[in-house]
Visitor: 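To start, I am sharing the structure in question, which I have written as structure tokens.
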There are 2 protein chains.
Amino acid sequence: MTLAEVARRAKVSTTTVSRVLNQSALVNPATRRAVERVIRELNFHPNLHARVLAAGKSRTVGLVVSNLENPFFLDIFRAMESEAHEHGYDVTVQNTGYDRARLLAAVHQLLQVRAAGAAIIVSEMDPALQAELAESRMPTVIYDVGQPGPHVTSIKVNYERGIRKAVEYLYALGHRRMAFVGHHPGLKPLQGRREAFLATMKEYDGRIHYALAMEADDPPGGKRAARSVLASRPQPTAILCANDFMALGVLGELREQGLKVPEEISVVGYDNIGLAQFAAPPLTTLDIPREAIGRMAFHALTADRNPAKAAAAPPREWLVEPELVVRASTAPPPAR
Amino acid sequence: MTLAEVARRAKVSTTTVSRVLNQSALVNPATRRAVERVIRELNFHPNLHARVLAAGKSRTVGLVVSNLENPFFLDIFRAMESEAHEHGYDVTVQNTGYDRARLLAAVHQLLQVRAAGAAIIVSEMDPALQAELAESRMPTVIYDVGQPGPHVTSIKVNYERGIRKAVEYLYALGHRRMAFVGHHPGLKPLQGRREAFLATMKEYDGRIHYALAMEADDPPGGKRAARSVLASRPQPTAILCANDFMALGVLGELREQGLKVPEEISVVGYDNIGLAQFAAPPLTTLDIPREAIGRMAFHALTADRNPAKAAAAPPREWLVEPELVVRASTAPPPAR
DNA sequence: TTGAAAGCGCTACCAG
DNA sequence: CTGGTAGCGCTTTCAA
């Protein structure tokens with residue numbers, strides 16, 4: 001089934017059919033109806049590849065994330081998708097599983113489909129890829145790493161500020177022994193949270209004792225990490241997690257070990273995913289506005305498309321501030 | 001950057017470049033290396049739209065699901081994707097949010113990109129769309145509804161059997177007042193679970209008192225549903241959920257109401273998502289092999305591609321049996 | 001082992 | 001308002 005076939009049956013030119021497909025105004029209403037009828041009868045679906053090829057532009061933007069299983073990324077995807085749909089765009093997601101090879105493959109795929117833009121919200125970004133992306137001239141959004149440029153917008157989360165808020169809060173509650181549960185050393189953004197923690201610890205200069213553990217980004221990873229830090233001595237009275245998803249796992253381990261949260265030990269997460277309030281107990285965490293990030297990412301990718309509104313273009317760099325959300329997983333440490 | 005440009009620089013024909021791109025064996029190793037060098041230097045990424053258009057076939061399969069946020073669907077996606085990658089295919093996911101209009105749009109999109117096949121794992125399928133899909137002759141996998149056909153494979157879960165297992169288990173524990181938490185009446189598969197529950201109740205013919213509540217497919221929905229069934233009298237001593245994702249929400253509500261699980265009330269989920277073991281308490285549930293479903297779906301879509309192995313083709317209809325997984329959210333009802 | 005040329009299905013420019 | 005036609009970038013015979 002091709003457009004030519006439709007044209008033949010409708011007794012018009014392919015040009016006309018193309019016009020009705022593209023909502024062009026320059027087509028007689030009667031003609032339009034006739035063509036539409038044929039399209040419906042034939043169950044015609046225009047070949048998108050041909051359209052993109054001929055038109056030379058695509059209305060698809062790509063999103064590549066590290067771990068779709070983690071609601072943090074999923075939320076960004078959904079926000080971006082809904083914003084895109086409102087503007088007549090589609091978004092294709094790709095999951096890397098924190099694997100650099102898959103990241104590379106994902107980016108190449110987007111380059112091959114000549115996507116209108118790509119938002120790379122991953123933790124495993126590397127400089128070489130950033131350079132390649134910059135050269136490609138495809139509008140790009142990068143997360144937590146690198147610098148903005150002609151076609152690249154950078155979104156960064158002020159992790160350190162977030163961690164500091166959490167540590168200050170815990171310190172004020174009386175906690176002096178803390179543990180940090182992060183993951184995948186070497187992955188910049190996550191390491192960012194870890195380093196933010198270390199930097200904050202340094203500020204407290206010896207007044208806080210701490211332990212660290214790095215594991216996979218999921219509940220089982222959190223569980224293992226919790227087991228590890230609980231084995232350290234002196235045992236921490238509070239555990240800070242690199243994200244809520246892992247925090248779910250640390251809560252599970254604490255439950256298994258019979259440690260009451262928050263009476264015996266406090267836990268704070270990061271991200272404020274929806275599940276955080278359904279954790280037992282509901283998780284104190286640092287909110288990161290995923291909805292805004294997703295929408296912002298979409299606009300950053302499609303902004304240059306409207307040179308007219310260039311003035312209203314979004315900033316090429318955006319710093320996000322996490323907010324502390326106190327729920328039931330934190331309390332003063334046990335009197336001992 | 002086009003293939004022609006590469007050909008010019010490499011001083012060969014476009015045909016040759018095309019050949020190296022397609023791993024064709026009929027190209028001199030030296031020539032190949034030369035071309036590959038130019039490709040690398042130019043950072044050339046062949047236009048996928050042009051390739052698909054010219055070749056007339058695509059190595060992309062589509063997956064459309066109702067709610068990616070629900071790990072059940074995400075797991076199917078990941079399994080399908082990993083299987084696809086192993087076979088040189090890509091998969092594009094689309095999320096409908098249980099919205100028929102979005103489902104239609106998603107399917108049309110797949111038709112437009114001439115996808116190699118489409119797995120429609122949704123609860124909002126309707127007969128008209130099934131018919132359209134059948135006519136389209138695109139390999140399709142449908143879930144829980146309809147009949148298999150020339151190009152359509154049907155995967156069905158034996159919900160009733162699962163529900164019966166759960167009810168029998170609870171009945172044996174001593175429960176006589178149960179509630180079922182489902183969602184979106186009118187959505188076939190989910191209704192399927194509800195009807196399976198009702199059918200089972202009928203078998204017990206008055207020996208079990210029950211209540212029902214339908215809400216959204218997420219923890220908040222489960223929470224609302226729980227509130228509703230807890231208000232019914234006599235109050236149930238066990239709650240069966242249409243899926244684990246909602247069960248997370250009912251556990252949250254029970255916790256808020258101060259009801260101890262499983263001492264005062266039992267909860268059983270459905271699906272056995274990874275989070276089920278991280279729920280508090282770990283959830284008794286019915287396992288559905290999502291990994292197998294995802295892989296099976298991929299093969300069903302690409303099977304006809306290999307007429308040689310037609311004999312080893314997967315069955316056009318597959319019935320999945322849920323297995324009861326007992327964890328800590330169920331126990332005998334309180335003595336009262 | 002390599003190349004010339006005819007499409008793939010659609011859009012867009014230029015006429016009428 | 002409508003149509004003819006030249007591509008878009010690549011694959012695929014068919015020859016050489």
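Protein chains get the first letters and strands the later ones, always in sequence-line order, with residue 1 at the start of each.
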Visitor: Using whole Å, report how far CE of Met1(B) lies from P of dG9(D).
Guide: 10 Å
Visitor: Atom CG of Asn28(A) and atom P of dG3(D): how far apart are they, to the nearest Å?
Guide: 11 Å
Visitor: Please give, in whole Å, the distance from dG3(D) C1' to Arg8(A) CZ?
Guide: 16 Å
Visitor: When you measure only distances, ignoring hydrogens and angles, does the side chain of Thr15(A) come within 3.5 Å of the base of dT11(C) through a donor and an acceptor?
Guide: no
Visitor: Is it the case that the side chains of His151(A) and Glu135(A) hold a donor-acceptor pair, with the cut-off being a distance below 3.5 Å and no angle test?
Guide: no
Visitor: I want to check one thing: is the phosphate of dT2(C), taken as OP1 and OP2, less than 4.0 Å away from some side-chain N or O of Ser13(B)?
Guide: no
Visitor: May I ask you to evaluate whether Asn47(A) reaches the phosphate of dC8(C), defined as a side-chain N or O under 4.0 Å from OP1 or OP2?
Guide: no
Visitor: Which one of Val157(B), Val320(B), Thr153(B) satisfies the side-chain contact (heavy atoms from CB on, under 4.5 Å) criterion with Tyr143(B)?
Guide: Val157(B)
Visitor: When the distance from CG of Leu21(A) to C1' of dG9(C) is rounded to whole Å, what number comes out?
Guide: 11 Å
Visitor: Of the options dT2(C), dC10(C), dT11(D), whose atoms approach the side-chain atoms of Pro46(A) most closely?
Guide: dC10(C)
Visitor: Have Ser82(B) and Arg295(B) got a donor and an acceptor in their side chains that come within less than 3.5 Å?
Guide: yes
Visitor: Contact class for Val17(A) vs. all strands (heavy atom < 4.0 Å): base, sugar-phosphate, or nothing?
Guide: nothing
Visitor: Please list, chain by chain and in numerical order, all residues satisfying side-chain contact (heavy atoms from CB on, under 4.5 Å) with Ala10(A), sequence neighbours excluded.
Guide: Val12(A), Val35(A), Val38(A)
Visitor: Among the candidates dT12(D), dG9(D), dT2(D), find the nucleotide nearest to the side-chain atoms of Val27(A).
Guide: dT2(D)
Visitor: Nearest to the side chain of Thr14(A), heavy atoms from C-beta on, is which of dT11(C), dT2(C), dC10(D)?
Guide: dT11(C)
Visitor: Take Val52(A) and Ala25(B), find for each the nucleotide of DNA chain C with the closest heavy atom, and name the residue whose nucleotide sits nearer the 5' end.
Guide: Ala25(B)
Visitor: Please determine, for the side chain of Ala55(A), which listed nucleotide (dA12(C), dT1(C), dC10(D)) has the closest atom?
Guide: dA12(C)
Visitor: Starting from C1' on dC10(D), measure out to CG on Leu53(A) and report it in whole angstrom.
Guide: 8 Å
Visitor: Once you round it to whole Å, what is the distance between C1' of dT11(C) and CZ of Arg51(A)?
Guide: 9 Å
Visitor: Expressed in angstrom and rounded to an integer, what is the separation of Arg59(B) atom CZ from dT11(D) atom C1'?
Guide: 16 Å
Visitor: Would you mind telling me which residue lines up with the more 5' stretch of DNA chain C, Ala54(B) or Leu26(B), judged by nearest nucleotide?
Guide: Leu26(B)
Visitor: Quick check: closest heavy atoms across Ser154(A) and Val145(A), and the distance to 0.1 Å?
Guide: OG-O, 4.4 Å
Visitor: Checking only heavy atoms, does the side chain of Arg114(A) share a donor-acceptor pair with the base of dG9(D) at less than 3.5 Å?
Guide: no
Visitor: Please tell me which of the listed nucleotides, dC10(C), dT13(D), dT1(C), lies nearest to the side chain of Thr2(A)?
Guide: dC10(C)
Visitor: Pick from Ile121(B), Val141(B), Ile120(B), Leu68(B): which one makes a side-chain contact (heavy atoms from CB on, under 4.5 Å) with Leu63(B)?
Guide: Ile121(B)
Visitor: Roughly, in whole Å, what's the span from CD in Glu5(A) to P in dG9(C)?
Guide: 11 Å
Visitor: Among dT11(D), dT1(C), dG3(D), which nucleotide has an atom closest to any side-chain atom of Asn22(B)?
Guide: dT11(D)
Visitor: Kindly point out which of dT2(D), dT12(D), dT11(D) is positioned nearest to the side chain of Leu3(B)?
Guide: dT11(D)
